[in-house]
Visitor: 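Submitted below is the structure of interest, expressed as C-alpha cells.
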Protein chains: 2
Amino acid sequence: MTSIKDVARIAGVSVATVSRVLNDKGYVGQNTREKVEKAIKETSYKPNEVARSLFKKQSNTIGLIVPDIMNPFFTELARAVEDMATKLGYNVILCNSDGDKDKEQAYLDVLKQKYVNGIIVSSNTLTALQVEELNVPVVSIDREISKGLPTIVVENKKGAVMATRFLQNKGCRRIGHIRGSYGVANAEERYEGYKEVVSKEPWFRESFIVNGDFDMQFSIEATAELLSLHPEIDGIFAANDIMAIGAMKAAYRLGRKVPEELAVIGFDGIKLSEVMTPELTTIVQPIYQLGETSTTMLISLMEQQPIEQTYYTMAVELVERKST
Amino acid sequence: MTSIKDVARIAGVSVATVSRVLNDKGYVGQNTREKVEKAIKETSYKPNEVARSLFKKQSNTIGLIVPDIMNPFFTELARAVEDMATKLGYNVILCNSDGDKDKEQAYLDVLKQKYVNGIIVSSNTLTALQVEELNVPVVSIDREISKGLPTIVVENKKGAVMATRFLQNKGCRRIGHIRGSYGVANAEERYEGYKEVVSKEPWFRESFIVNGDFDMQFSIEATAELLSLHPEIDGIFAANDIMAIGAMKAAYRLGRKVPEELAVIGFDGIKLSEVMTPELTTIVQPIYQLGETSTTMLISLMEQQPIEQTYYTMAVELVERKST
DNA sequence: TTGAAAGCGATACCAG
DNA sequence: CTGGTATCGCTTTCAA
C-alpha cells in the first residue's frame, strides 16, 4: 500500500504539502498542487483511514445498536441509517444486543475504543449515566432513555388511540389488546392508548389484555387464550405488526374469519404487513424516515453543527387494508 | 480517556511493560504484573483500538457487503455473520450495495482503507481481479465470483430439481417457473434444475418460464401474465420465496386457490415463508449456517490458520408445508 | 525482567 | 507558499 510518504517522494515535496492538497487546507502553489495530484493519480493513493482516525480521534464510523436486526422494524431502520451514513461519508458498525444489558455495554465499550463518531441505539436498559460516561454523541431511537438525551420516538399513545377508535368505528363491540413486553416504554404507551379508549366501556375488564411480548409465537398463544376466554371479542389491537400477524394466524387456526368475524389492527407498518393475506391494517410509523432523521441528527451532533431540535416525536398514520 | 502512558505512570513502569501484560506476551515479573493490573483496574483502562490497528495493519473488523439487508435472506445472513464475528472478537461493518458495481467498489476501497481484516461479499458483478487487487481475504457467499476464490454456495440446481419433481409427484401436470434475474448465477442454476426436469415433457415450452427478477412486485405481474397465457398451469416453482409469495398473491387475486388449484413452491426458507397463509412449501437453505460458516472460514483465512476447504456447497432441504 | 526508542500513517503547528 | 517535526496510542525490537 502506498503511503503519504511515497506520494511526497514521487512528487518531490514534503508530506505536509501532500496532506494540504489532500485536505484542501492551507496554501499550496498551483503547480506543486498539480505535481502532487499527478503523483496521487499515478499511485492511485488512498489515505489510510486508521492513521487519520488516530490523529483525529474519530473514525468516520457510527455504531448502530439494535436488539435484533431480524426484527423487520430494525431491518428497515438499519437500511435507512446505513444509506444516510454512507451518503454523508460514514460507515456503520452493526450490533445486535438482544436487549441484553451486558452485550449493550460491551458494544458501547468497543465502539468507543474504535473511536466511532457517534452511536444510534435502541435500548430499554441503557441508563442516562452510561450514555453520559461514554462521551460520544448518542441518539436513542424508538425508545427514550432520558428526557435530556437526543431521542426520536413516535406518537405511540396517539397511534394506539387511533387504532382502537378505528376498530370501534368499524363496529367492533369487544376489543382485545395484545400488548408488548412489560417495561418497554413503547409497549406501555400503546397499552395506555388502548386503555384510554376502552376503560370506560361497560364490558371492559383487564382480562381483555394479554401479553404477546412483541413476539409472533407468543402472540399466537396469547391470542388463542384471549379468544377462548372472551369468545365475544370481535376486534384486536396488537402492539406491533408481528403480533398482529400472530393474532391472525391464531384466528385462522380457530376458524375465525378475518376480517368478517374478527378485525385485526397492528402497529409499525413493516413491509410484511402488506404481504400478508389478508393485508394488515396498521398504524404505520415512518420507519425509514426515523432512521434517516436519527442519522442526520447524530451527524449534526458529531460535527457540532447548530441543531434545531433533539427530541422528535414523529407522526404515525393509520393505513386501512383488508384485515379490518 | 486514559492511555497506556497513564497506566504506565501510575504503575511506575514503562509503557512497554504495560503493553506486555496487556497482550500477555514476553516476560513480566510477577509483582510488576500485579502493579500494572492494579493500575489498569483503577483507571478502568481500555486500549485504544485505533492505535493498535495502525500498528498491526488490522482493525479487528470485517466488512459485509450485501445487495440489500432488507432482503430477508441477507437479514438472516447478516445476523449470523455478526453473531459469529462478535463471538470471535470482530465487529462488522454493514454495506448495502444494491448490486451496483460502483457502490461495491467504493465500499471495497473504504473497507481497505479502514484496515478491515477481511470481507464477506455477495455480488454478481465483482471480478476475481478486483478481489485479488484488494489483498484482503474475501469470501464470496451465495454467488460464486471465481472458482479459485473462497466461496460458499448451496446446491441450487439440485434444489430446483427437487422442487420441480416434488410438484410432479404432487400431481401437477403443467409446471411454470418464475425465474430470478438474468445473469445471477443462482438464478441460472435454479432455472437449469427446473429445465432439466421438464424439458422433455411434451407440453413444455419456453413460455412456461417468466422472469420475476427476484422481486415480489415483479413476480406478481409475471405470475399474472403466466397464468393468463397458460391457464392450465397447476404448479409453480419460484426461484425464491419472495417471488413465491408474489405468485400466491397473484393467484389469490385471480381467484385461483392455493394449493387446491395451484401448488406453489419457493426457494430459500426465509422466516417469512412460515408466516404466510398458507404456509409456503420451499427448498430451505441453511441461511444462518451459511453466515456462520462463511465467517469462521473468513476468520481462519485472516488468521492464516490451516484451512480444510475453501469451497463449500451446502445442502438444501425440501420442507413441505401448506402451499402444495 | 525491564526500558528506550523506532515505527505505524496521517495532521497541524511553527519556522522560514 | 513550503518543510520539519511533534503528536495521536500502541507494539516490538534491541540493549541493558
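Scope of the values below: all heavy atoms of this structure, side chains included, with no hydrogens, waters or symmetry mates. Below, chain A is the first sequence line, B the second, and so on; all start at residue 1.
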Visitor: If you define the side chain from C-beta out and look only at heavy atoms, does anything of T17(A) sit under 4.5 Å from R33(A)?
Guide: no
Visitor: Atom CD1 of I40(A) and atom P of dA10(C): how far apart are they, to the nearest Å?
Guide: 10 Å
Visitor: Is T17(B) touching bases, backbone alone, or none of the nucleic acid, heavy atoms closer than 4.0 Å?
Guide: sugar-phosphate
Visitor: Does dC1(D) have its OP1 or OP2 closer than 4.0 Å to a side-chain nitrogen or oxygen of T32(A)?
Guide: no
Visitor: Tell me the interatomic distance from Y27(A), atom OH, to dC13(C), atom P, rounded to whole angstroms.
Guide: 14 Å
Visitor: Of all the choices, dT2(C), dC1(D), dC10(D), which nucleotide is nearest to the side chain of N48(B) once you look at every atom?
Guide: dC10(D)
Visitor: On the nucleotide dT11(C), are OP1 or OP2 found under 4.0 Å from the side-chain N or O atoms that S19(A) carries?
Guide: yes
Visitor: Any side-chain N or O of Y45(B) less than 4.0 Å from the OP1 or OP2 oxygen of dC10(D)?
Guide: yes
Visitor: Is R79(A) salt-bridged to D83(A), going by a charged N under 4.0 Å from an acidic O?
Guide: yes
Visitor: I'd like to know if K38(B) pairs up with E42(B) as an ion pair, taking the criterion as any Lys NZ or Arg NE/NH1/NH2 lying under 4.0 Å from an Asp or Glu carboxylate oxygen.
Guide: yes
Visitor: Starting at CG of N23(B) and ending at P of dC10(D), how long is that distance when rounded to a whole Å?
Guide: 11 Å
Visitor: Need to verify one output field. Residue with the more 5' nearest nucleotide on DNA chain D, L54(B) or K25(B)?
Guide: L54(B)
Visitor: More 5' along DNA chain C: G12(B) or K57(B), using each one's nearest nucleotide?
Guide: G12(B)
Visitor: For dG9(C), does either OP1 or OP2 sit under 4.0 Å from a side-chain N or O belonging to S3(A)?
Guide: no
Visitor: R9(A) and D6(A): salt bridge (Lys or Arg N to Asp or Glu O under 4.0 Å), yes or no, with the steps?
Guide: CA-CA 5 Å; R9(A) 190 168 26 72; D6(A) 304 318; 2.9 Å; yes
Visitor: Go through dT11(C), dT2(C), dC10(D) for me and flag the one nearest to the P47(B) side chain.
Guide: dC10(D)
Visitor: Could you check which of dG4(D), dT11(D), dA4(C) has an atom nearest any side-chain atom of S14(B)?
Guide: dA4(C)
Visitor: I want to check one thing: is the phosphate of dT11(C), taken as OP1 and OP2, less than 4.0 Å away from some side-chain N or O of R52(A)?
Guide: yes
Visitor: Can you find a side chain N or O atom of K5(A) that sits less than 4.0 Å from OP1 or OP2 on dG9(C)?
Guide: no
Visitor: Before you tell me yes or no, could you show the steps for D142(A) and F74(A) under side-chain contact (heavy atoms from CB on, under 4.5 Å), namely the whole-Å CA-CA distance, both residues' side-chain angles and the distance that decides it to 0.1 Å?
Guide: CA-CA 10 Å; D142(A) 189 43; F74(A) 293 115; 4.1 Å; yes
Visitor: Using a heavy-atom cut-off of under 4.0 Å over every strand shown, decide if V18(B) touches base, sugar-phosphate, or nothing.
Guide: nothing
Visitor: Applying a 4.0 Å non-hydrogen cut-off, can you work out what V50(B) is touching in the nucleic acid: base, sugar-phosphate, or nothing?
Guide: nothing
Visitor: dC8(D) P sits how many Å from D6(B) CG, rounded?
Guide: 11 Å
Visitor: Which listed nucleotide (dT13(D), dT11(D), dG3(D)) is nearest to the side chain of F55(B)?
Guide: dT11(D)
Visitor: Starting the side chain at C-beta, find the nucleotide from dT1(C), dT11(D), dT11(C) nearest to I4(A).
Guide: dT11(C)
Visitor: Would you mind telling me which residue lines up with the more 5' stretch of DNA chain C, M1(A) or N31(B), judged by nearest nucleotide?
Guide: N31(B)
Visitor: Can you check whether N91(A) reaches V110(B) side chain to side chain, under 4.5 Å on heavy atoms?
Guide: yes
Visitor: Where the side chain of A16(B) is concerned, which of dA10(C), dT2(D), dG3(C) is the nearest nucleotide?
Guide: dG3(C)
